[in-house]
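For clarity, every value in this text was computed on a predicted model and none was experimentally measured. In listed order, ligands and their atoms are each counted from 1.
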Amino acid sequence: MPIVVQKFGGTSVGDLKRVENVARKAISEYEKGNKVVVVVSAMAGETNRLIALAHQITDLPDEREMDVLISTGEQVSIALLAITLKKLGYKAKSYLGNQVKILTDSAFTKARIIKVEHNNILKDLNEGYIVVVAGFQGVDEYGNITTLGRGGSDTTGVAIAAALKADVCDIYTDVEGVYTTDPKICNKARKLKKISYDEMLELASLGSKVLQIRSVELAKKFKVPVHVRSSFSDEPGTLVCEEDKTMENVIVSGISYNKDEARITLVNVPDKPGVAAKLFGEISKGNIVVDMIIQNSSIDGTTDLTFTVPKTDLKKALLLVEKVAKDLGAKEVLSDDSISKVSIVGVGMRSHSGIAAKMFDVLGKAGINILMISTSEIKISCVIDEKYTELAVRELHDAFQLDKEPVIEEK
Ligand code: ADP
Ligand code: ASP
Ligand code: MG
């Protein structure tokens, strides 16, 4: 019997009517003769509400307690879904992360899954249950509740699909698939029929929230076919799968943006060996992920070091950086949280030149100043002022003609 894992996001379980819609989608797969596991997120807005509550108490709430708090949203939605499934006449059972169990490391608020112990689920599936699992949460080796980072239910879905060797992991969301860019900010965005794991990984790591990065990493590693589709229609969505030859012909396949980073600059740091190691060593001890780093050329033996960190970690990062800056003898520490990173992605960039120049030209002509640049084989990112994000995305989408279906010639 095929196994299908379905994951539904917050909007898809936003109210009881929508929970019933989810139940019917699960039942429909079950009635086709599949074993069905449903992973759900918290009801729309709930995780944000819980985070805001803690921040009313303090700017830096204890991270272990944050996970105890923010994992509760999913507890509500799994129970509501299981109750609905039973009312509709089906055998259903809900599980929290620690009941499954989904074992993670102890990095509270951004834990990584180590192992999914799926015997309970398998037993229930064999007995004809529709199994409902809480997304976003796990448990560490000491029994502490952990969460997987924002958007983490995608990762729960894929991890369970990988553990059960499921035939597909359907990610149901509030748009019809993966688009050339966020359809909510660009009405010319075009739905992709398929996208390679690598391109999806880049789009996700560069800010496209349609899938959490870690879920794509796991899907790629365990070759889980992921189908991103809408909860509100039966249209086929986008298949995230291995790269095929035709994909290389497309130079730019998508544009993403990320408004969740902030920029920190250390001004006049002595330009000598060991400085970067000390600075970034301290930051990593705080479990903060640094993204882009730029060091200016040295003038009079000092230099400026600029880097970006997640906005949510800015306060924590500044506390660490200010201390190191003092030890290093830097003049001052500046920060800016109204930046955004806009990126173009495409495996075809590997074999085409002039793409970066075109991107800079488009931004320049739109009057948008570039603050930082970073490139890799298949992406180019520019940090700009946050207020120009939507403009930049739309201009780039037009310039690279992403609204048009590319002409694919087999080589
Ligand atoms: P869920 O609650 O279902 O997990 P999310 O809000 O996390 O939903 O992710 C879906 C959202 O991702 C869409 O509503 C859309 O605004 C956004 N998004 C960003 N980039 C893209 C893209 N390239 N394709 C599709 N959606 C995107
Ligand atoms: N509820 C969590 C969040 O809002 C997890 C998820 O939606 O995937 O981030
Ligand atoms: Mg999500």
Side-chain angles (χ1 to χ4, degrees), residues 6-14 18 21-22 25 39-52 66-67 69-78 97 109-111 133-138 146-159 169-195 199-216 226 228-232 237-238 240 252-260 312 340-346 389-390 393 396-397 402:
Q6 303 179 304
K7 176 264 169 176
F8 292 88
T11 325
S12 310
V13 292
R18 290 186 170 182
N21 173 52
V22 168
K25 289 224 180 260
V39 173
V40 284
S41 298
M43 295 167 93
E46 180 61 8
T47 311
N48 286 345
R49 187 186 73 86
L50 294 166
I51 292 173
M66 274 314 267
D67 279 354
L69 175 68
I70 63 181
S71 58
T72 60
E74 274 73 9
Q75 178 158 358
V76 172
S77 46
I78 54 167
T109 76
K110 49 186 118 169
V133 178
F136 181 53
Q137 54 178 266
T146 55
T147 65
L148 310 177
R150 298 308 305 269
S153 301
D154 298 331
T155 302
T156 310
V158 175
C169 180
D170 279 319
I171 304 276
Y172 286 90
T173 182
D174 58 358
V175 291
E176 293 211 342
V178 180
Y179 285 68
T180 46
T181 192
D182 186 348
K184 288 194 177 143
I185 71 159
C186 177
N187 58 16
K188 290 189 188 162
R190 181 173 49 84
K191 185 170 87 184
L192 301 166
K193 289 194 186 74
K194 56 185 179 177
I195 184 166
E199 283 172 316
M200 192 61 239
L201 203 55
E202 285 288 352
L203 285 177
S205 31
L206 296 167
S208 295
K209 295 207 172 109
V210 61
L211 286 177
Q212 200 201 30
I213 310 167
R214 182 76 182 130
S215 72
V216 190
V226 171
V228 181
R229 56 196 305 187
S230 167
S231 291
F232 309 113
T238 304
V240 188
V252 177
S253 52
I255 302 176
S256 49
Y257 63 91
N258 183 354
K259 295 183 178 181
D260 295 337
T312 46
S340 141
K341 183 171 69 177
V342 175
S343 313
I344 59 175
V345 172
T389 312
E390 287 77 11
V393 169
L396 290 166
H397 201 271
L402 295 190

Novice: Scan Thr109, Asn48, Thr47 and name whichever one has a side chain to side chain donor-acceptor pair (under 3.5 Å) with Arg150.
Specialist: Asn48
Novice: I want to check something: taking the side chain as every heavy atom from C-beta on, are Ile171 and Cys169 in contact at a cut-off of under 4.5 Å?
Specialist: yes
Novice: If the threshold is 4.0 Å, N to carboxylate O, is there a salt bridge linking Lys259 and Glu390?
Specialist: yes
Novice: Looking at Leu201, Val240, Asp154, which hits side chain to side chain contact (heavy atoms under 4.5 Å, CB included) with Ser215?
Specialist: Asp154
Novice: With sequence neighbours excluded, tell me which residues meet ring pair (Phe, Tyr, Trp, His ring centres under 6.0 Å) with Tyr179.
Specialist: none
Novice: If the condition is salt bridge (charged side-chain N to carboxylate O under 4.0 Å, His left out), which residues does Asp182 pass it with, not counting sequence neighbours?
Specialist: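 Asp182: no salt bridge (charged side-chain N to carboxylate O under 4.0 Å, His left out) contacts found.
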Novice: Keeping the roles fixed (side chain from Thr180, backbone from Ala189), state whether a donor-acceptor pair exists under 3.5 Å.
Specialist: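 Not confirmed, Thr180 side chain does not pair with Ala189 backbone.
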Novice: Report the distance from atom NZ of Lys7 to atom CG of Asp170, rounding to the nearest 0.5 Å.
Specialist: 12.0 Å
Novice: List, for ligand 1, each N/O atom that has a protein N/O partner under 3.5 Å away, with both atom names and the distance.
Specialist:
from	atom 1	to	atom 2	distance (Å)
ligand 1	2 (O)	Gly10	N	3.2
ligand 1	3 (O)	Thr173	OG1	2.7
ligand 1	4 (O)	Lys7	NZ	3.0
ligand 1	7 (O)	Lys209	O	3.4
ligand 1	8 (O)	Thr173	OG1	3.1
ligand 1	9 (O)	Lys209	O	3.4
ligand 1	14 (O)	Asp174	OD1	2.7
ligand 1	14 (O)	Asp174	OD2	3.4
ligand 1	14 (O)	Lys184	NZ	2.6
ligand 1	16 (O)	Asp182	OD1	2.8
ligand 1	16 (O)	Asp182	OD2	3.3
ligand 1	23 (N)	Tyr179	O	3.0
ligand 1	24 (N)	Tyr179	N	2.9

Novice: What I want to find out is whether Lys184 reaches Asp174 closely enough, with some N-O distance under 4.0 Å, to be called a salt bridge.
Specialist: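 Here Lys184 pairs with Asp174 in a salt bridge, since their nearest N and O are under 4.0 Å apart.
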Novice: Anything with a heavy atom under 4.0 Å from ligand 2 counts, so go ahead and list those protein residues by chain and number.
Specialist: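 Ser41, Ala42, Thr47, Glu74, Phe136, Arg150, Gly151, Gly152, Ser153.
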